[in-house]
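Computed over heavy atoms, backbone and side chain alike; hydrogens, waters and symmetry mates excluded. Just so we're on the same page: letters track the sequence lines, and every chain starts at 1.
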Amino acid sequence: MHDIRAIRDDRDAFVAGLTRRHMANAAALADDLVARDKELRALQTRLQEAQARRNEASKLIGRAKAQKDDNQAEALMIEVAGLKDEIAKGEERERTLQAELRDVLANIPNLPASDVPDGADEAANVEVISRRWGAAPGMNAPKEHFELGEQLGLMDFERATKVSGARFVYLKGALARLERALCSFMLDLHTEQFGYTEIAPPILVREQAMFGTNQLPKFAEESFRTTTDYWLIPTAEVPLTNYVREEILEEAILPLRFTAGTPCFRAEAGAAGKDTRGMIRMHQFSKVELVSIVTPENSQAEHERMTDCAQEVLKRLGLHHRVVTLCTGDIGFGAQKTYDIEVWLPGQNRFREISSCSNCGEFQARRMNARYRPKAEKSLRYVHTLNGSGLATGRTLVAILENYQQADGSIAVPDALRPYMGGIEKIAK
RNA sequence: GGAUGGGUGGCCGAGUGGUUUAAGGCACCGGUCUUGAAAACCGGCGGGCUCGCGAGGGUCCCGUGAGUUCGAAUCUCACCCCAUCCGCCA
């Protein structure tokens with residue numbers, strides 16, 4: 001959510017930022033917002049004057065009545081009646097304007113940070129060369145993960161279709177355990193090495209929470225809603241970030257770092273035909289999420305740190321990967337800047353997204369009304385929020401299958417996971 | 001699902017129609033005192049909008065909205081949320 005004052009004070013920067021995001025009508029939008037804001041404030045001033053006079057007159061009425069001056073009281077009451085009418089109309093218009101302004105603002109994406117590259121789509125994302133790690137394993141005719149999983153008899157899409165339809169899967173035996181092992185491994189790493197606090201959050205949330213982390217109102221069709229108006233979280237970012245909603249935090253407790261391993265649910269509307277085979281794009285998947293709540297001056301450094309934490313998971317699993325800075329055309333609605341981590345999938349012979357780490361600045365904090373009390377200042381400020389996958393567990397499982405596949409179709413278990421897999425070194429038929 | 005109670009500032013809490021410009025306390029900040037600290041005492045201490053170069057002023061906000069009234073935290077209605085008890089249940 002944008003600050004209307006910031007738009008008013010620097011309309012050009014706002015327009016420039018949205019234009020970089022390829023919003024065609026940014027200038028017209030800004031003019032519209034500024035005009036509505038101007039009307040609203042002019043109205044508020046008039047309204048306040050009328051209210052002040054009404055209050056004054058009301059006091060005089062009380063006094064006149066006390067002095068038994070009925071003529072005076074009556075004259076004042078007639079005046080107040082007129083003011084009352086004016087005030088009622090003004091208040092209604094004020095509410096309408098405020099609601100409209102809020103609706104428009106709620107649907108405007110965050111502005112890209114200055115160092116985000118320009119570009120139309122993912123083809124223009126820019127690799128962060130210094131973050132590239134490892135090398136693609138040499139392999140003869142590598143298989144895709146679903147072939148491997150199905151041949152092992154441990155990944156069953158057909159039965160899942162029978163029960164739940166497309167984009168669901170049954171994992172069995174060692175693969176089911178592998179997913180659990182990955183989740184434990186990642187949570188242990190983030191809590192023990194990087195200072196994150198493990199959270200087991202609600203995964204059904206209210207509408208306001210979904211608004212706070214900007215899944216709503218714009219992306220309603222991408223999430224599932226229950227008949228009792230709860231939303232199934234599309235990511236643990238929602239409950240972890242909203243943890244501080246409507247709060248005023250002491251600066252001393254920042255940064256807050258939370259991690260959670262949860263199922264995530266996505267309707268994948270508009271993804272018809274994409275990644276229809278295998279576990280890449282599911283209606284339900286598990287993910288270990290990282291969320292940081294920080295002061296504004298620390299959010300950029302935290303973004304780098306969080307990306308380091310996510311990358312460390314891949315390093316310990318020995319998985320080749322690269323990091324790209326998303327360009328202005330590919331960045332998410334609420335993000336100022338995003339790093340995607342892409343893992344190498346030999347079966348697909350390409351990099352695929354396995355984590356996305358975003359700095360949202362104060363964009364979500366405004367929506368949630370999450371503030372802190374700076375030590376050095378009197379006034380309150382909005383916190384900055386960051387979120388990142390650390391990592392998408394389902395896709396990590398895919399990456400392990402494809403990168404650790406053996407010629408005979410078995411899967412070697414990476415060293416780091418063996419303690420979590422009861423010591424087994426290989427998943428075979 | 002049934003019944004009841006309740007939503008007041010960072011927190012607790014008083015307040016049932018006009019000296020509430022929201023008492024009081026806690027926390028926090030500054031000061032006095034002290035070798036230092038604590039205690040005590042003094043002062044400060046919410047947010048939105050707006051007017052003003054500034055000092056400062058105005059106005060709105062007691063869950064949300066709609067009413068009653070010259071005037072509403074206070075009365076009425078609707079909605080949202082929270083809590084407790086009973087029933088059912090992992």
If I take atom [atom1] in residue [X] and atom [atom2] in nucleotide [N], what distance separates them, rounded to the nearest angstrom?
{"X": "A:Arg102", "N": "B:C49", "atom1": "CZ", "atom2": "P", "answer": "14 Å"}
{"X": "A:Glu247", "N": "B:G46", "atom1": "CD", "atom2": "C1'", "answer": "16 Å"}
{"X": "A:Glu251", "N": "B:C29", "atom1": "CD", "atom2": "C1'", "answer": "15 Å"}
{"X": "A:Asp229", "N": "B:C80", "atom1": "CG", "atom2": "C1'", "answer": "12 Å"}
{"X": "A:Leu380", "N": "B:G47", "atom1": "CG", "atom2": "C1'", "answer": "8 Å"}
{"X": "A:Arg366", "N": "B:G48", "atom1": "CZ", "atom2": "P", "answer": "10 Å"}
{"X": "A:Gln98", "N": "B:C49", "atom1": "CD", "atom2": "C1'", "answer": "8 Å"}
{"X": "A:Gln208", "N": "B:G63", "atom1": "CD", "atom2": "C1'", "answer": "12 Å"}

Would you measure the distance from the [atom1] atom in [N] across to the matching atom in [M] and give it in whole Å?
{"N": "B:A40", "M": "B:A27", "atom1": "P", "result": "9 Å"}
{"N": "B:C61", "M": "B:A22", "atom1": "P", "result": "11 Å"}
{"N": "B:G46", "M": "B:G25", "atom1": "P", "result": "16 Å"}
{"N": "B:G2", "M": "B:C62", "atom1": "C1'", "result": "32 Å"}
{"N": "B:C60", "M": "B:G71", "atom1": "C1'", "result": "16 Å"}
{"N": "B:C26", "M": "B:C82", "atom1": "C1'", "result": "23 Å"}
{"N": "B:C79", "M": "B:U4", "atom1": "P", "result": "15 Å"}
{"N": "B:G9", "M": "B:G47", "atom1": "P", "result": "14 Å"}

A:Arg371, nearest nucleotide to its side chain (from B:G10, B:C81, B:G47) | B:G47
Kindly point out which of B:C49, B:C81, B:G10 is positioned nearest to the side chain of A:Arg206?
-> B:C81
Check against ring pair (Phe, Tyr, Trp, His ring centres under 6.0 Å), A:His2 and A:Phe363 | CA-CA 7 Å; A:His2 287 284; A:Phe363 191 79; 5.6 Å; yes
Report the base-pairing partner of [N] (Watson-Crick or G-U wobble, both distances below 3.5 angstrom), or none.
{"N": "B:C28", "value": "B:G44"}
{"N": "B:C75", "value": "B:G67"}
{"N": "B:G52", "value": "none"}

Within the structure shown, what part of the strands sits under 4.0 Å from A:Arg8 by heavy-atom distance: base, sugar-phosphate, or nothing?
-> sugar-phosphate
Qualifying side chain to side chain donor-acceptor pair (under 3.5 Å) pairs, either residue in residues 361-371 of chain A, two or more places apart | A:Asp3-A:Arg366, A:Asn214-A:Gln364, A:Glu237-A:Gln364, A:Glu362-A:Arg366, A:Gln364-A:Thr385, A:Asn369-A:Arg371
Report yes if some heavy atom in the side chain of A:Val398 is under 4.5 Å from a heavy atom in the side chain of A:Gln348; otherwise report no.
-> no
Whichever of A:Arg5 and A:Ile248 has its nearest RNA chain B nucleotide further upstream toward 5' = A:Ile248
Between A:Phe168 and A:His283, how do the two ring planes meet: parallel, tilted or perpendicular, split at 30° and 60°?
-> tilted
Under 6.0 Å between the ring centres of A:Phe333 and A:Phe219?
-> yes
Can you tell me if A:Arg305 uses its side chain to pair, donor with acceptor, with the backbone of A:Phe194 under 3.5 Å?
-> yes
